[in-house]
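What follows is a single structure, written as structure tokens, with notes after it.
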Amino acid sequence: MEHHGITINDVAQAAGVSVRTASRVLNQSPKVNAETRARVQEVIRSLNFVPSLRARALASNRSFMLGFVHDDPNAEIADHVQRGIFSECAQFGYELLVHMVNHKSPHLVDDVMSFVRRTGVDGLIVIAPVSENVALAQALAALGLPVAAVNSAALDFQKNKIVSREREAAGDIARHFVELGHREMGVISGPLVQAAARERQLGFTAALTNAGISLRLQNVLEGDWTFESGLECGRRLLESTLRPTAVFAASDRMAAGLLKAASQAQVRVPQDLSVAGFDDSQVARMLTPSLTTITRPFTQIGEGAAHWLLTSLRSSAREAQDPLLRFYDLKLTKRESTAAPAR
């Protein structure tokens with residue numbers, strides 16, 4: 001492990017410790033007391049020593065790389081999660097490898113397993129909808145690879161999971177509409193084969209049921225998270241004989257499509273139609289009117305998944321650790337696209 005002629009031997013000699021101890025400090029092993037760790041770290045800083053990743057890997061039988069697997073059509077979401085993961089990797093001396101897949105592909109499991117074997121990553125973070133694949137979860141478990149899954153629900157077949165409370169958040173949208181005085185409402189869901197779409201629709205409809213309000217079947221439509229599906233579903237809703245006065249689109253992109261449909265139909269938002277989305281992506285703040293939506297802490301979720309995974313990898317008793325189950329609350333962010341219905 002060399003950098004400009006400085007080796008791990010130089011670090012050990014300057015700190016008055018063995019090479020093994022200096023190596024443990026570099027690899028963030030818990031088997032070093034605080035005083036010794038601080039002394040070695042000070043020498044590392046003073047010598048401007050940067051260890052070779054390859055040498056670290058050879059010495060510890062690790063790659064010092066994490067994998068991040070996703071198939072999110074909204075690049076902004078994946079980017080924010082990735083930034084959270086990267087910030088933790090930097091603190092632990094790890095590199096991050098990103099692998100994008102097609103979650104609908106019949107070769108998904110082979111694709112991900114090939115990535116894992118080819119790169120030798122020490123652990124994997126997988127986000128929905130890829131994380132919902134049972135066969136993939138089973139294959140990774142059989143390989144013995146530490147995995148943290150990010151989902152909208154606590155799925156039984158996953159051992160370690162981070163869950164964003166999307167059902168509860170969608171219920172907050174419904175309660176917001178009801179508090180404004182809306183009684184005729186609609187919903188544009190995501191593809192219901194995905195847990196996130198089901199969770200959001202269930203949360204929205206359940207909150208309305210608790211308020212004594214039923215959705216008309218003709219005002220419940222299924223999109224695919226995209227602007228185009230929001231536009232098409234929006235046109236259908238606005239042509240309805242019993243047009244809703246408020247619509248929940250289960251993604252900001254679909255909500256943007258709905259706003260476009262309203263503009264084309266000369267339906268004013270929020271005077272004639274209230275619209276809410278989900279995700280609080282950049283587009284939500286750029287639209288006119290700005291979009292009421294659900295804010296998800298993507299960066300913090302990425303940080304949480306990576307921190308648990310990296311901490312477990314550093315532990316010498318990883319098998320004894322409790323499985324990961326962490327929930328993240330989401331926030332209703334009220335903006336200009338929702339208001340009381342016209343009297």
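Hydrogens, waters and symmetry mates are skipped; everything else that's a heavy atom, side chains included, is used.
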Just by distance, do the side chain of [X] and the backbone of [Y] share a donor-acceptor pair under 3.5 Å?
X: Q300; Y: G84; answer: no
X: S152; Y: A196; answer: yes
X: S274; Y: A246; answer: no
X: N151; Y: V163; answer: no
X: T36; Y: N33; answer: no
X: T205; Y: Q201; answer: yes

Could you tell me which residues satisfy salt bridge (charged side-chain N to carboxylate O under 4.0 Å, His left out) with R216, sequence neighbours excluded, listed by chain and number?
->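 R216 satisfies salt bridge (charged side-chain N to carboxylate O under 4.0 Å, His left out) with E184 once adjacent residues are dropped.
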Only counting residues at least two apart or in another chain, list the ones meeting salt bridge (charged side-chain N to carboxylate O under 4.0 Å, His left out) with R165.
->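 Once residues adjacent in sequence are excluded, the partners of R165 under the salt bridge (charged side-chain N to carboxylate O under 4.0 Å, His left out) criterion are D329.
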Non-hydrogen atoms of [X] and [Y] that approach each other most closely:
X: L237; Y: P244; value: O-CD, 3.9 Å
X: L273; Y: L238; value: CD2-CD2, 3.9 Å
X: V275; Y: S337; value: O-OG, 2.6 Å
X: I85; Y: G302; value: CG1-O, 3.6 Å

Suppose the criterion is salt bridge (charged side-chain N to carboxylate O under 4.0 Å, His left out): which pairs have a residue in [range], not counting sequence neighbours?
range: residues 294-311; answer: E166-R296, D279-R296
range: residues 127-151; answer: none
range: residues 97-120; answer: none

Nearest 0.5 Å, what's the [atom1]-[atom2] distance between [X] and [Y]?
X: R198; Y: L192; atom1: CZ; atom2: CG; value: 7.5 Å
X: I127; Y: I77; atom1: CD1; atom2: CD1; value: 8.0 Å
X: S131; Y: I125; atom1: OG; atom2: CD1; value: 12.0 Å
X: D172; Y: R175; atom1: CG; atom2: CZ; value: 4.5 Å
X: F248; Y: S189; atom1: CZ; atom2: OG; value: 9.5 Å
X: D272; Y: R243; atom1: CG; atom2: CZ; value: 6.0 Å

Given side chain to side chain contact (heavy atoms under 4.5 Å, CB included), test H80 with T299 step by step and report yes or no.
-> CA-CA 5 Å; H80 283 299; T299 302; 3.9 Å; yes
Using the six-membered ring wherever Trp is involved, compare the ring planes of F177 and H182 and label them parallel, tilted or perpendicular (cut-offs 30° and 60°).
-> perpendicular
Which word best sums up how the rings of F92 and H307 line up, parallel for under 30°, tilted for 30 to 60°, or perpendicular for over 60°?
-> perpendicular
Heavy-atom check, side chain of V247 versus side chain of V187, under 4.5 Å =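 In short, these two side chains do not touch, never coming nearer than 4.5 Å.
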Just jot down the side-chain contact (heavy atoms from CB on, under 4.5 Å) partners of Q13, sequence neighbours excluded, or say none.
-> none
Worked check of side chain to side chain contact (heavy atoms under 4.5 Å, CB included) between V69 and L124 = CA-CA 7 Å; V69 176; L124 211 58; 3.9 Å; yes
Between R236 and E239, does at least one N-O distance fall below 4.0 Å, as a salt bridge requires?
-> no
Heavy-atom count around Q264 CD within 6.0 Å, excluding the residue itself: above 12?
->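 Above 12, so yes.
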R285 and D252: salt bridge (charged side-chain N to carboxylate O under 4.0 Å, His left out), yes or no, with the steps?
-> CA-CA 10 Å; R285 300 179 290 278; D252 290 346; over 6 Å; no
